[in-house]
Amino acid sequence: MAETNSNDQMEKIVSLCRRRGFIFQSSEIYGGLNGLWDYGPLGVALKRNIKEAWWRDMVTAHNERVQPEGAPKPFQMTGIESSIIMHPRVWKTSGHYDLFSDMMVDCRKSKRRYRHDHIKGAWVEHDGQKAFVTCVTDGDAKEEITRRALQYFKLKAKYADKLVWHGDVTDLTTISETDQVLAPDAKELGTLTEPREFNLMFETHIGAMRSDDSTAFLRPETAQGMFVNFRNVVDSSRMKVPFGIAQQGKSFRNEITPRNFTFRTREFEQMEMEFFCHPSESREWYQFWRDRRFNWYVDLGINKERLILRDHEQAELAHYSVGTADVEYAFPFCEEGEYGELEGIAHRGDFDLRSHMEGKLVREGDELVVEQGEDGKPKYPGSGKDLTYHDEETKERFVPHVIEPAAGADRTVLAFICDAYEEEEITNEKGKTETRVVMHFHPRIAPVKVGVFPLLKNKPELVAKAMEVRALLQPYMTVFYDETGAIGRRYRRQDEVGTPFGVTIDFDTIGENGDATKDTVTLRDRDSMEQRRVKTEDLLGILLKEIM
RNA sequence: GCGGGUGUAGUUCAAUGGUAGAACGGAAGCCUUCCAAGCUUCACACGAGGGUUCGAUUCCCUUCGCCCGCUCCA
């Protein structure tokens, strides 16, 4: 419901999160830690509800005998919880090990950063001056280096033949004379720093003794847990393709720049599902999951105007992917027309299962082949285990293709928070305009479902009755009981944390105004602020229907 | 990781080289018959660590956090 894309809006939301106990900075009393956050009493309730809504939609509410709307056919669904620390070879064959640890160099002048192994260059001399001229290009490196050398030596293009070349174009990694390097965007020599390692995976050590052999990693994604357990799940739970394995859990990435509240963090929770299907049906399943996942957010009440389903361009696709779409939300910190990713739905083909069978794969033309080391053997061999699937009916054996909807739980929580936030201008009885801050959470995800209030706290009959109503509801939902201050104040407090319903016990309830209204309470709606009288005995049924 | 800005109660803001005020919010009490009423009382802050100084929240340094830009982003 956010009206403006502004920093201002985001600051108000962050402030409310802190003030009301949704989200705090990690280790705040020690000055805080960048990119790490804690959920407070209301935050944890909200997050658990969102995760539960996802798990229910994916796993528990799924009926394998019923064909969901839009699905090619009925399918099975189950879940796992794998360990955060996995065998180091998992990350080598998956490609994360190579991809997530890079040597980087910074340019002190241009403030740019490059992957060390992406910079190419050559020794060029002119007029007794010699420099290692570099560039980063996918095109003709020599041409680019020539252009940059001419520029550096202040020569016109027609004097290219005056340049004296010493050797061929090589990688910067082969050069040690950093003070003679002309960085790709620099105008002078020696502006690059020494190469430094950037490892996006958190390292730890297994066992009390530290050694190189004992190095392990905190998982940078949960997906590998499903792939390495594919065989186990098929063998133990009679799963038949097509089926999905869902998992929720923490992942860790040493992000260079955590930013934007809980949007990019170093420790984050994922809600991922790996769907295994026959290769010939994979495109249909991809379409199905792509639409199904988008609608999940919409069904939970997110503003459709701020949510988009964006198909990736071909060039944007990861090397293994046949197709990928993102569910993205227009966060307040996004520029006009920009969105932040909540979830990626990827067609991953047979990349993952094949990797864990054969070894780390790389693309060669249109083919995925096992990457060779210098000795001609697989650089990172797979498990060697058979991860193919045998279809009893068709007698066919194949490597299933995978469709992966991978959502960020914390980002989803943040999106729901931002979307729910509204500053509503209302005119009170005295004709004065005031601001009401309301969180319009869908009742299913709201941290507190109902507030129970005795109209006055100094009337023991009202308090006693309110306690009864509280006890009636508490086994079924989160109830917040409040008797302090004026009733309007209590309503507003609950509006600000998104409690969808308020129940007030008044003199009618205890029969002071006749039998007609005895044992009735007022039920207030958060969004409309309207109230209706309902029988106490009907209350539980009414509320359960609304919050399910 | 680089550059710029910034840091005072929970929040939004003051003041000050002699350790800090307010409003809102919070807690307790009185009162109150449905949308932040009133009165009384109470609690709560100079991000952290050094240095200069008789004395630092104030000046200096370092560090941490936050914001903006760059960079990065399976």
For this session: Rounded to the nearest angstrom, tell me the gap between atom NE2 in A/H96 and atom P in B/C73.
Result: 14 Å

Seminar exercise, completed: note: A/R411, atom CZ; B/A74, atom P; distance rounded to Å ~ 11 Å

Which nucleotide in the set [options] lies at the smallest distance from any side-chain heavy atom of [X]?
| X | options | value |
| --- | --- | --- |
| A/T257 | B/G10, B/U71, B/U33 | B/U71 |
| A/T522 | B/U11, B/A36, B/C34 | B/C34 |
| A/W37 | B/C66, B/C35, B/A28 | B/C66 |
| A/L456 | B/C34, B/A37, B/U32 | B/U32 |
| A/E434 | B/A36, B/G1, B/C35 | B/A36 |
| A/N260 | B/C35, B/A74, B/C68 | B/C68 |
| A/T484 | B/A37, B/A28, B/G10 | B/A28 |
| A/R489 | B/G65, B/G26, B/C73 | B/G26 |
| A/R492 | B/C35, B/C73, B/C34 | B/C35 |

Relative to [Y], does [X] satisfy both conditions: NZ or CZ under 6.0 angstrom from the six-membered ring centre, and within 45 degrees of the ring's axis?
| X | Y | answer |
| --- | --- | --- |
| A/R524 | A/F501 | no |
| A/K92 | A/Y97 | yes |
| A/R293 | A/W296 | yes |

Seminar exercise, completed: Given the options A/F217, A/F202, A/W91, A/H96 meets ring pair (Phe, Tyr, Trp, His ring centres under 6.0 Å) only with A/W91

Give one of base, sugar-phosphate or nothing for [X], where a contact means two heavy atoms less than 4.0 Å apart.
| X | result |
| --- | --- |
| A/S15 | sugar-phosphate |
| A/R524 | base |
| A/R490 | nothing |
| A/N458 | base |
| A/N34 | sugar-phosphate |
| A/E512 | base |
| A/Q531 | base |
| A/R436 | nothing |
| A/R259 | base |

G-U wobble or Watson-Crick pairing nucleotide for [N] (cut-off 3.5 Å, both distances):
| N | result |
| --- | --- |
| B/U19 | none |
| B/U52 | none |
| B/C39 | B/G29 |
| B/U8 | none |

Rounding to an integer number of angstrom, what distance separates [N] and [M] when you compare their [atom1] atoms?
| N | M | atom1 | result |
| --- | --- | --- | --- |
| B/A56 | B/U16 | C1' | 11 Å |
| B/A48 | B/G26 | C1' | 27 Å |
| B/G50 | B/C13 | C1' | 30 Å |

Problem set entry | Check: B/C73 base within 3.5 Å donor-acceptor of A/E255 side chain | no

Exercise. Per the atom types in the model, does the base of B/C64 pair as donor or acceptor with the side chain of A/Y30 at under 3.5 Å?
Worked result: no

Under 4.0 Å between a Lys/Arg side-chain N and an Asp/Glu carboxylate O for [X] and [Y]?
| X | Y | result |
| --- | --- | --- |
| A/K51 | A/E269 | yes |
| A/E483 | A/K457 | no |
| A/K379 | A/D98 | yes |

